[in-house]
Amino acid sequence: MEERGPDAEHQGVDFVRELVRRDNSTGTYAGRVQTRFPPEPNGYLHIGHAKAITLDFELAREFGGTCNLRFDDTNPDTEETAFVDGILEDLAWLGYPIEGEPLYASDYFEQLYDWAELLIERGLAYVDDSDSETISAGRGGYGKPGVESEWRNRSVEENLDLFRRMRAGEFDEGSRVLRARIDMQHENMQMRDPVMYRIRHERHHRTGDSWHIYPTYDWAHGQSDAIEGVTHSLCTLEFDSHRPLYDWYLAQLPLPGDTPRQTEFARLELTHTVTSKRRLAGLVADGVVDGWDDPRMPTLRGLRRRGYPAAAIREFCAFIGVSRTNSRHQIELLESFVRQHLNRSALRRMAVLDPIRLVITDWPEGGRKVKSTMHWVSADHAIEGTTALYERLFSAEVPGEATGDPMDDLDRTSLDLRTGCRFEPALGDTPPGAVVQFERLGYFAHDPREPMLFHRTVGLRDEWARLQQRT
RNA sequence: UGGGGUGUGGUGUAAUUGGCAACACAGCAGAUUCUGGUUCUGUUAUUCGGGGUUCAAGUCCUCGCACCCCAACCA
């Protein structure tokens, strides 16, 4: 695996692996290691997910454990079966096929509901009739304690009755929520009576119309981990402040087994790239790109169509490691892994992108010392095709850094489509999806659907261009 | 404004846990080469700041500074 990076044995282990080792040596989970990858099926996987995926799956593999795929489908507003299928497909391509049926948070809705009633009975949860603005205002602010809701001290009986009627669909969306009864003065905002259930009369992609209330992320996540037997629940840094809540919920419940523990790490950011699902969806919706699999997209399906080898992505993820430092990796590093792979695997072929017809008259005079190279294909035998050259979708290293809006750095001319290219005949045999090197021009991926359309995966290292640039 | 987190070359990640700051990408110089590619060799450059402990500090203590996250019925 470690192509780069000198003897990996002598490199330090990251803090996550260190933690797992410590747990194993102290017998915390009796040596058991179980992780999970929990995507929400409301979009496709991107390069940022690849980091989490390799961490979750490889960590489990290294320690002889397992990693569950669990769809975090607690919000029926945006989730779709199409995304479930797409994610499964992308995962398999990346090298982590799921055997058997995937898991879903929605599988645990009934258990979650029972546990919610348990909290109500113990006076640890209550139905709040306030609207969202009131709840938000009551939460206070940074340095300002919150105030208790006027509905906070209802009787257990009333809470139970109301909660059951919420489930039955008797109330309007937004009219009531179930909240945990923790501490409105807590210094951590997440602990100021967080919402556990909201009312949604929306069709869920799996449970259909059987529910009118849906658990929030916080109420569902740790419990789902516990139900599945997850030991190490890895997530990104922004959930750091949720950890006390994660632990609090688990501490109140009669869990079937081990208590999972959440550990946070820094998400992957790349230069010239956005990975916000909302932004990516926007690019697709606005027609800025061809779709989720446009070769300029940082989605796994985009990278795949562009010709990035899955192994290159995996090795990149392994190489950059995990830490708790917010950082942005240069996309050139990813590209160097791509070149390293393609250099070994790609066939070399000749192509002329801007053909000029010329006649060679002194052909037999050959045999002299080569002074320069003629780049050519035979006009009589060449086949015709199209190449797509790409600039970075966002011209700035950090999209939006200057103005606050990443879209200001969008390069709308990032696609350079060349028709009428001339290819050497052997290229006619290129299988769909295969990547070849056009000598001196770069690596090009044959489109999976359109014959003789080639996407430039990445250029060659180009010393000439660098020398030019300097002057 | 309160809480939490993070600071190591241009970028990112390490440092046998107190013992010569290393690896990769990028850069620079050269060799090889029928791809201005590949391969090979050499090389530039780093511990946020001030104090302190110690024979010895990136690592420990202390006071600062900078940046990130948190007041969705998103995840």
Side-chain angles (χ1 to χ4, degrees), chain A residues 2-8 10-14 18 38-40 42-43 72-75 77-79 105 128 130-133 135-146 173-179 186-192 194-200 213-218 220-221 235-244 264 266 268-271 277-278 316 319-337 339-340 343-344 348 350 369-370 372-373 375 397 437-443 459-468 470:
Chain A
E2 253 70 19
E3 280 287 336
R4 291 304 162 85
D7 37 344
H10 274 258
Q11 290 292 300
V13 289
D14 56 70
E18 204 170 301
E40 185 186 11
N42 67 347
D72 213 337
D73 56 350
T74 58
N75 182 355
D77 293 353
T78 55
E79 295 156 5
D128 194 324
S130 312
D131 57 32
S132 60
E133 292 75 37
I135 290 178
S136 176
R139 198 115 51 195
Y142 303 140
K144 283 173 284 269
E173 289 193 4
S175 61
R176 288 181 168 81
V177 292
L178 184 74
R179 298 177 73 177
H186 201 106
E187 60 197 13
N188 184 339
M189 292 289 201
Q190 305 299 332
M191 301 296 272
R192 322 246 259 227
V195 171
M196 295 168 64
Y197 278 95
R198 67 295 205 175
I199 299 171
R200 282 287 176 284
I213 55 173
Y214 290 90
T216 54
Y217 166 87
D218 288 300
H221 206 90
C235 64
T236 46
L237 246 27
E238 65 268 29
F239 292 102
D240 182 286
S241 60
H242 294 240
R243 185 167 8 110
E264 314 82 23
L268 170 63
E269 301 278 10
L270 286 178
T271 55
K277 238 188 247 181
R278 201 186 106 241
F316 168 75
F319 186 76
I320 61 175
V322 284
S323 73
R324 288 177 65 87
T325 312
N326 285 310
S327 59
R328 189 174 290 263
H329 290 261
Q330 293 175 330
I331 195 159
E332 288 83 356
L333 181 63
L334 208 208
E335 290 174 340
S336 80
F337 276 88
R339 281 197 196 93
Q340 175 186 282
N343 178 49
R344 291 189 305 231
R348 313 287 132 131
M350 278 295 176
K369 187 169 167 58
V370 175
S372 66
T373 310
H375 196 86
E397 281 209 340
Q437 185 194 104
F438 290 175
E439 287 205 28
R440 306 170 67 201
L441 298 176
Y443 297 98
L460 265 21
R461 264 179 99 249
D462 190 348
E463 189 165 339
W464 193 47
R466 276 182 287 138
L467 292 173
Q468 298 290 299
R470 244 190 286 169

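These values consider heavy atoms only, across backbone and side chains, with no hydrogens, waters or symmetry-generated copies. Order of the sequence lines sets the chain letters (A, B, ...), proteins ahead of strands, with each chain counted from 1.
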Shortest non-hydrogen contact between A:Arg198 and A:Thr74, atoms and distance: NH1-O, 3.8 Å
What verdict does the ring pair (Phe, Tyr, Trp, His ring centres under 6.0 Å) test give for A:Phe438 and A:Tyr443, after you've listed the backbone C-alpha separation in whole Å, the side-chain angles of each residue and the deciding distance to 0.1 Å? CA-CA 6 Å; A:Phe438 290 175; A:Tyr443 297 98; 9.9 Å; no
Are A:Ser132 and B:A72 close enough that a side-chain N or O sits under 4.0 Å from OP1 or OP2? no
From B:A14, B:C25, B:A75, pick the nucleotide closest to the side chain of A:Leu333? B:C25
If you compare every side-chain N and O of A:Arg466 against the phosphate oxygens of B:C28 (OP1, OP2), does one of them come in below 4.0 Å? yes
Below the 4.0 Å mark, does B:A24 have OP1 or OP2 next to a side-chain nitrogen or oxygen of A:Arg339? no
Pairing partner (Watson-Crick or G-U wobble, both distances under 3.5 angstrom) of B:C73: none
A:Arg461 vs B:A26: side-chain N/O to OP1/OP2 distance below 4.0 Å: yes
Whether the A:Glu40 and A:Asn42 side chains hold a donor-acceptor pair (N or O, under 3.5 Å, no angle test) is what I'd like checked. yes
Taking the P atom of each, how far is B:G19 from B:G27, in whole Å? 35 Å
Determine the Euclidean distance between corresponding C1' atoms of B:U44 and B:A22; express it in Å to zero decimal places. 16 Å
Rounding to the closest angstrom, what is the interatomic distance between B:G42 and B:U47 at atom C1'? 26 Å
Between B:C73 and A:Arg139, is there an OP1 or OP2 to side-chain N/O distance shorter than 4.0 Å? yes
With a 4.0 Å limit, can you tell me whether A:Arg243 has a side-chain N or O closer than that to the phosphate oxygens OP1/OP2 of B:C70? no
Say you pick atom P in B:C48 and the same atom in B:U41; how far apart are they, in whole Å? 32 Å
Atom P, compared across B:C74 and B:U16: separation rounded to whole Å: 45 Å
Sticking with atom P, work out how far B:A26 lies from B:U59, rounded to a whole angstrom. 31 Å
Would A:Phe319 and A:Phe337 count as a close aromatic pair, with their ring centres under 6.0 Å? yes
What does A:Ser323 touch in the nucleic acid at a heavy-atom separation under 4.0 angstrom: a base, only the sugar-phosphate, or nothing? sugar-phosphate
Donor-acceptor pair under 3.5 Å: do we get one between A:Gln437's side chain and the base of B:U35? yes
Within the pair A:Ser136 and B:A72, is there a side-chain N or O less than 4.0 Å away from OP1 or OP2? yes
Please measure how far the P atom in B:U1 lies from the corresponding atom in B:G18, and state the result in whole Å. 36 Å
Might you point out which heavy atoms bring A:Ile331 and A:Thr271 nearest each other, and give the distance in Å? N-OG1, 2.9 Å
Salt-bridge contact A:Asp128-A:Arg176 (side-chain N to carboxylate O under 4.0 Å): no
Is there a side-chain polar atom (N or O) of A:Arg324 under 4.0 Å from OP1 or OP2 of B:U13? no
Within the structure, does a side-chain N or O atom of A:Thr325 lie under 4.0 Å from either OP1 or OP2 of B:G5? no
Both distances below 3.5 Å, Watson-Crick or wobble geometry, any strand: find the nucleotide opposite B:G18. none
Base-pairing mate for B:C65 - Watson-Crick or G-U, with both contacts under 3.5 Å: B:G7
